[in-house]
**Student:** 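Have a look at this one before I ask anything.
Letters A, B, ... are given to chains in the order of the sequence lines, protein chains preceding strands, and every chain is numbered from 1. Computed over heavy atoms, backbone and side chain alike; hydrogens, waters and symmetry mates excluded.
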Protein chains: 2
Amino acid sequence: MMPVIKSSREDAIEAIMREFRKSGYDAASLARLSAATGLGKSSLYHYFPNGKEDMAKAAGALVVALVEEAVIDPLTGSGSLKARLQKATTGLSKLYNGGKASCLIDLFTIGEAEAATPGLAKAMAEALLRAFTGVAEEAGRPKKDAKIIAERAVIEIEGALVLARALGSTRPFQRMLARLPTLLIGNAG
Amino acid sequence: MMPVIKSSREDAIEAIMREFRKSGYDAASLARLSAATGLGKSSLYHYFPNGKEDMAKAAGALVVALVEEAVIDPLTGSGSLKARLQKATTGLSKLYNGGKASCLIDLFTIGEAEAATPGLAKAMAEALLRAFTGVAEEAGRPKKDAKIIAERAVIEIEGALVLARALGSTRPFQRMLARLPTLLIGNAG
DNA sequence: TCCATTGTACCGAACGATTGGTATATTGGG
DNA sequence: CCCAATATACCAATCGTTCGGTACAATGGA
């Protein structure tokens with residue numbers, strides 16, 4: 001059995017992910033990442049031999065896992081459609097800190113990030129699209145409609161996060177979350 | 001009368017704006033901005049005495065003007081609601097190069113950009129919200145509903161641009177543009 | 001049991017390169 | 001001649017990265 005205590009590396013990855021999601025890839029300097037983790041710059045290279053690129057990949061992998069846990073798993077799990085969507089919206093709210101945190105699908109498609117984490121943003125977007133498409137189909141939408149509805153769902157999530165950031169208010173994100181279930185399954189359920 | 005030939009400064013601002021919208025603020029180094037404009041560093045500092053910050057402000061001002069021209073003016077101008085929205089969607093498509101170009105409301109709320117152009121992203125978002133709210137009200141929506149509809153419009157624009165970037169496809173943006181008029185004015189004409 | 005060896009975790013100092021920015025010419029058209 | 005425009009050369013600061021090293025725990029053969 002694995003030890004219960006989280007390794008220092010996992011702690012570091014969490015802090016690194018937070019920093020990347022706060023500053024974006026390019027503005028997250030090693031100095032900042034060092035401060036965020038409490039580890040010296042040189043110590044970071046112990047856990048991440050390839051430097052910033054490795055850190056971005058680790059942060060990306062963590063976010064992928066969090067999205068899976070908070071959104072994908074609930075959606076593809078058991079229970080009524082309504083109940084599953086309820087879980088997913090709660091998960092989304094937690095994942096994005098109620099609208100205060102940004103999404104890597106956005107941040108990691110800007111500047112030098114894509115070179116460090118090739119295909120990551122696309123994979124994350126496609127995973128969300130797949131899950132939402134499944135839900136919309138289950139609610140009785142024709143396959144083609146389901147895909148477009150799912151696309152709208154992802155668009156609304158990303159757009160709401162951008163607008164919330166620009167306005168300095170979480171309200172747009174909250175309202176978006178409230179209408180997500182209706183968008184995806186209408187009155188079915 | 002102003003000379004017809006565009007000044008070298010205006011040319012530079014256009015190129016700078018393109019570079020900022022391609023790379024984001026932090027990854028747009030002076031070296032890249034120099035290459036993008038074809039101007040040496042000394043020339044850039046001749047036109048923009050405060051350096052990168054001035055360039056970001058100039059790029060921001062240009063984008064504000066372009067948004068005004070392509071979206072706001074058409075929406076608040078004359079003609080039927082439908083016709084005006086048609087003009088605005090055409091304007092949006094041009095402004096964002098059919099979904100290939102990013103929006104400063106997104107890019108300039110990441111990293112160090114906000115310090116260089118304080119309030120710019122918020123002002124741009126609010127200008128769009130105002131214009132869309134006016135249109136929705138004119139279409140007969142109650143004031144409160146109009147505001148929420150306008151918010152959804154901005155959210156869809158920003159979200160579609162993010163998703164298009166992540167997937168490497170302009171399709172999501174195109175579909176979003178197609179449903180924008182219906183979102184804003186329903187079947188009113 | 002002793003102790004040499006190995007592995008893990010970390011750090012200060014320095015690296016070469018690049019960052020944003022400045023100072024001082026030089027150029028060339030009006 | 002004037003002055004906008006550009007070139008050349010430079011700067012301190014920071015960038016991501018590497019190096020040499022310390023402290024300590026675990027391992028394992030004599």
**Student:** Report the relative orientation of the aromatic rings in B/Phe108 and B/Tyr25; use parallel for angles under 30°, tilted for 30 to 60°, perpendicular for over 60°.
**Tutor:**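 Aromatic pair B/Phe108/B/Tyr25 classed perpendicular.
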**Student:** Atom NZ of B/Lys41 and atom P of C/dA25: how far apart are they, to the nearest Å?
**Tutor:**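 That distance rounds to 19 Å.
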**Student:** Are A/Leu95 and A/Val162 connected in a single hydrophobic cluster, I mean Ile/Leu/Val/Met/Phe/Trp/Tyr linked by side-chain heavy atoms less than 4.5 Å apart?
**Tutor:**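 A/Val162 and A/Leu95: one cluster.
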**Student:** Quick one, which residues of residues 30-40 of chain A touch DNA chain D with a heavy atom under 4.0 Å?
**Tutor:**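 Output list: A/Leu30, A/Ala31.
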**Student:** Does the side chain of A/Pro181 come within less than 4.5 Å of A/Thr89's, by heavy atoms?
**Tutor:**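 Answer yes - side chains close enough.
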**Student:** Between P on C/dG20 and NZ on B/Lys52, what's the gap in Å once rounded to a whole number?
**Tutor:**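 The answer, rounded to whole Å, is 5 Å.
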**Student:** To the side chain of A/Ser42, which of C/dA23, D/dC19, D/dT17 is closest?
**Tutor:**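 Looking only at side-chain atoms, A/Ser42 lies closest to D/dC19.
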**Student:** Could you tell me how far apart B/Arg9 (CZ) and D/dA4 (P) are, to the nearest whole angstrom?
**Tutor:**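 Going from CZ in B/Arg9 over to P in D/dA4 covers 14 Å.
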**Student:** Nearest-Å distance, CG (B/Asp26) to C1' (D/dT14)?
**Tutor:**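 Taking atom C1' of D/dT14 as the reference, CG of B/Asp26 is at 14 Å.
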**Student:** Closer than 4.0 angstrom, basic N to acidic O: yes or no for B/Glu138 and B/Arg84?
**Tutor:**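 Yes, this pair counts.
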**Student:** B/Tyr47 has an atom OH; how far is it from atom C1' of D/dC3, in whole Å?
**Tutor:**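 Spelled out: OH on B/Tyr47 to C1' on D/dC3 is 13 Å.
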**Student:** Could you tell me how far apart A/His46 (NE2) and D/dC24 (C1') are, to the nearest whole angstrom?
**Tutor:**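 A/His46 atom NE2 is separated from D/dC24 atom C1' by 13 Å.
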**Student:** Write down the distance between CD1 (A/Ile16) and P (D/dG16), rounded to a whole number of angstrom.
**Tutor:**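 Going from CD1 in A/Ile16 over to P in D/dG16 covers 13 Å.
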**Student:** CG of B/Asp54 versus P of C/dT22: gap in Å, rounded?
**Tutor:**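 Interatomic distance, CG of B/Asp54 to P of C/dT22: 11 Å.
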**Student:** Using a strict threshold of under 4.0 Å (side-chain N to carboxylate O), is an ion pair present between A/Lys147 and A/Glu137?
**Tutor:**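 No.
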**Student:** For B/Arg21, is there an ion pair with B/Asp106 - N to carboxylate O distance below 4.0 angstrom?
**Tutor:**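 Salt bridge: no.
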**Student:** Classify B/Ser29 by what it touches in the nucleic acid, base, sugar-phosphate, or nothing, heavy-atom distance under 4.0 Å.
**Tutor:**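 Sugar-phosphate only.
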